[in-house]
Amino acid sequence: MFQGYDDYDTFFPNARHGSFIEHFRCYSVAMLPGNERQDVNYGGKVILPPSALAKLSGLNIQYPMLFELTNSSRSKATHAGVLEFIAEEGKVYVPRWMMQTLLLEEGDVVRVSNTSLPLGTFVKIQPQSTDFLDITDPKAVLENAFRNFTTLTEGDIITIKYNNKMYDILVMETKPGGKGISIIETDLEVDFAPPLGYVEENYKPVKKPSSSHLSGSLPSIDEHTIERASPRFTPFKGSGSKLSGKPAEKVASSDTPSSQTSSSSGSLANQTPAALVLPPGKLFFGYPVIPLKKNQAGANGGEEKKAFVGAGQTLRTARKGVGRSGSGSSSSLSRPSSPAAGPSARKYP
């Protein structure tokens, strides 16, 4: 049937070299018949027809199966894995983000060929929205999202889903460099670039104030106190009249000197601390404590009171005319004088 290897290569150009090259009509996963499978939209795998599996089984290809998808009219290419072989003949279903990367519309022709990619060791990504910063643990989210991907291609904008929200991520750099990397069963280091549209705030260092400035800027407690109005009781607020018809004398008001003194002494008790409002960047560690002087203490509290000012009494008699004071008076009891002592004062019989 075949005269030589040339005739065999003419009828089966890709069988000898173990390559798979086919052209399919490209559709998004939303057009796939049957139950809706939105999870395929947030991954990097395609759905091929059963005939593709039959051809791949007869070829000497490497596993896992990796494919290169190319839009020849726009010179756009990306890489993907395969999820299932259940598509209609002549059709391939791809995620929506992959159609946007290849600039394809529903029903456009795409070239699918098998390929091999090195295992990736490093990838640098950039979120396309500042909403990505709201994720509490982005490392865990990406680790879970990358399970739906088999390859990453530099320059692609992939889409992942987390907490019912979609996030677009740009693949900025891959290592080893080249057309793409495989991320199956490999330790992949991920680096994050600032999200698109993120503006870093300019923080200006605050100058530390000197000690002299701090000592002169301490607030006083008088600056943050307000006078609390206390109700005063007036025993009689009316006016009086005499039987003679003459006007009655005015009753002395409650603002007598004694009341003024008591009110002045109790003014400190009527003062309530006000709200302490400080300017930004200023801390408050309390008011300075100033002890009262002796003159001020005497003026506020009057003369110092003694603990005991009474007098005591005793039942014992005083000795040798020395009396003890009792209740403000003194009394002395003395013995009768004895004859003078000495040899001349005494007589012997």
Side-chain angles (χ1 to χ4, degrees), residues 13-14 18-59 61-117 125 127-129 142 144-162 164-171 174 179-184:
N14 301 323
S19 60
F20 173 86
I21 301 175
E22 293 292 339
H23 291 79
F24 298 99
R25 294 284 180 180
C26 184
Y27 295 93
S28 62
V29 179
M31 305 294 292
L32 182 66
N35 296 331
E36 188 177 6
R37 304 182 61 176
Q38 290 295 333
D39 55 333
V40 185
N41 267 327
Y42 313 113
K45 299 178 181 180
V46 299
I47 299 178
L48 293 171
S51 60
L53 176 60
K55 293 180 181 179
L56 289 168
S57 301
L59 300 177
I61 61 174
Q62 297 180 356
Y63 288 87
M65 297 181 184
L66 303 179
F67 300 92
E68 181 179 7
L69 285 75
T70 307
N71 183 3
S72 303
S73 61
R74 298 294 187 93
S75 300
K76 293 287 184 178
T78 187
H79 300 87
V82 60
L83 182 63
E84 293 177 351
F85 294 91
I86 59 173
E88 296 92 340
E89 292 299 331
K91 295 182 180 180
V92 58
Y93 294 94
V94 301
R96 184 63 186 172
W97 67 264
M98 196 174 294
M99 293 190 66
Q100 295 176 354
T101 299
L102 297 174
L103 304 177
L104 291 172
E105 298 293 338
E106 301 288 346
D108 288 349
V109 178
V110 63
R111 179 177 178 267
V112 180
S113 60
N114 70 311
T115 185
S116 61
L117 298 175
I125 61 175
Q128 298 299 288
S129 174
L142 283 177
N144 185 44
F146 281 169
R147 294 176 181 175
N148 299 325
F149 290 81
T150 54
T151 64
L152 290 177
T153 306
E154 188 173 327
D156 284 359
I157 298 179
I158 63 176
T159 302
I160 64 173
K161 185 178 181 180
Y162 173 70
N164 295 328
K165 192 172 183 180
M166 281 70 72
Y167 299 93
D168 293 336
I169 297 177
L170 171 64
V171 181
T174 58
K179 52 186 180 179
I181 58 173
S182 173
I183 60 173
I184 297 178

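Along the sequence shown, the residues carry numbers beginning at 1.
- No more than 12 heavy atoms of other residues, nucleotides or ligands sit less than 6.0 Å from atom CD of Gln62.
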Apply side chain to side chain contact (heavy atoms under 4.5 Å, CB included) to Leu170 and Gln128, showing your working. CA-CA 7 Å; Leu170 171 64; Gln128 298 299 288; 3.3 Å; yes
Apply side chain to side chain contact (heavy atoms under 4.5 Å, CB included) to the pair Leu142 and Tyr167, showing each step before the final yes or no. CA-CA 11 Å; Leu142 283 177; Tyr167 299 93; over 6 Å; no
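- Lys91 is linked by a side chain to side chain donor-acceptor pair (under 3.5 Å) to nothing, counting only residues two or more places apart in sequence or in another chain.
- Residue Ile47 holds its CD1 atom at 5.0 Å from CD1 of Ile86, rounded to the nearest 0.5 Å.
- Summarising the geometry, atom CZ belonging to Phe149 is positioned 7.5 Å from atom CD1 belonging to Ile183; distances are rounded to the nearest 0.5 Å.
- Residues that satisfy the side-chain contact (heavy atoms from CB on, under 4.5 Å) test with Ala77, not counting sequence neighbours, are Glu68, Thr70.
- Between His23 and Val112 the shortest side-chain heavy-atom distance does not fall below 4.5 Å.
- Checked against side-chain contact (heavy atoms from CB on, under 4.5 Å), Asn41 has the following partners two or more places apart in sequence or in another chain: Val29, Gln38, Pro95, Arg96.
- Nearest heavy atoms, Leu69 versus Leu102: O-CD2, 3.7 Å.
- Residues Lys45 and Thr150 have side chains in contact (heavy-atom distance under 4.5 Å, counting atoms from C-beta outward).
- When all heavy atoms of Lys55 and Leu59 are compared, the pair lying nearest together is O-CG, 3.2 Å.
- Nearest heavy atoms, Ile184 versus Pro64: CD1-CG, 3.6 Å.
- Residues passing the salt bridge (Lys or Arg N to Asp or Glu O under 4.0 Å) test with Lys179: none are found, sequence neighbours excluded.
- For residues 78-90, the side-chain hydrogen bond (donor to acceptor under 3.5 Å, both in side chains) pairs, not counting sequence neighbours, are Arg37-Glu84, Ser51-Glu89, Thr78-Asp156, His79-Thr153, Glu88-Tyr93.
- Across every non-hydrogen atom of Trp97 and Ile157, the tightest pair is CE3-O, 3.5 Å.
- Remark: Arg74 pairs with Asn71, Lys76, Leu103 by the side-chain contact (heavy atoms from CB on, under 4.5 Å) rule, at least two apart or across chains.
- Using cut-offs of 30° and 60° on the angle between ring planes, the pair Phe24 and Phe20 is parallel.
- Contact record, Ile160 with Ala145: CG2-CB, 3.7 Å, taken as the closest heavy-atom pair.
- Of all non-hydrogen atoms in Leu152 and Thr174, the two that sit nearest each other are O-CG2, 4.5 Å.
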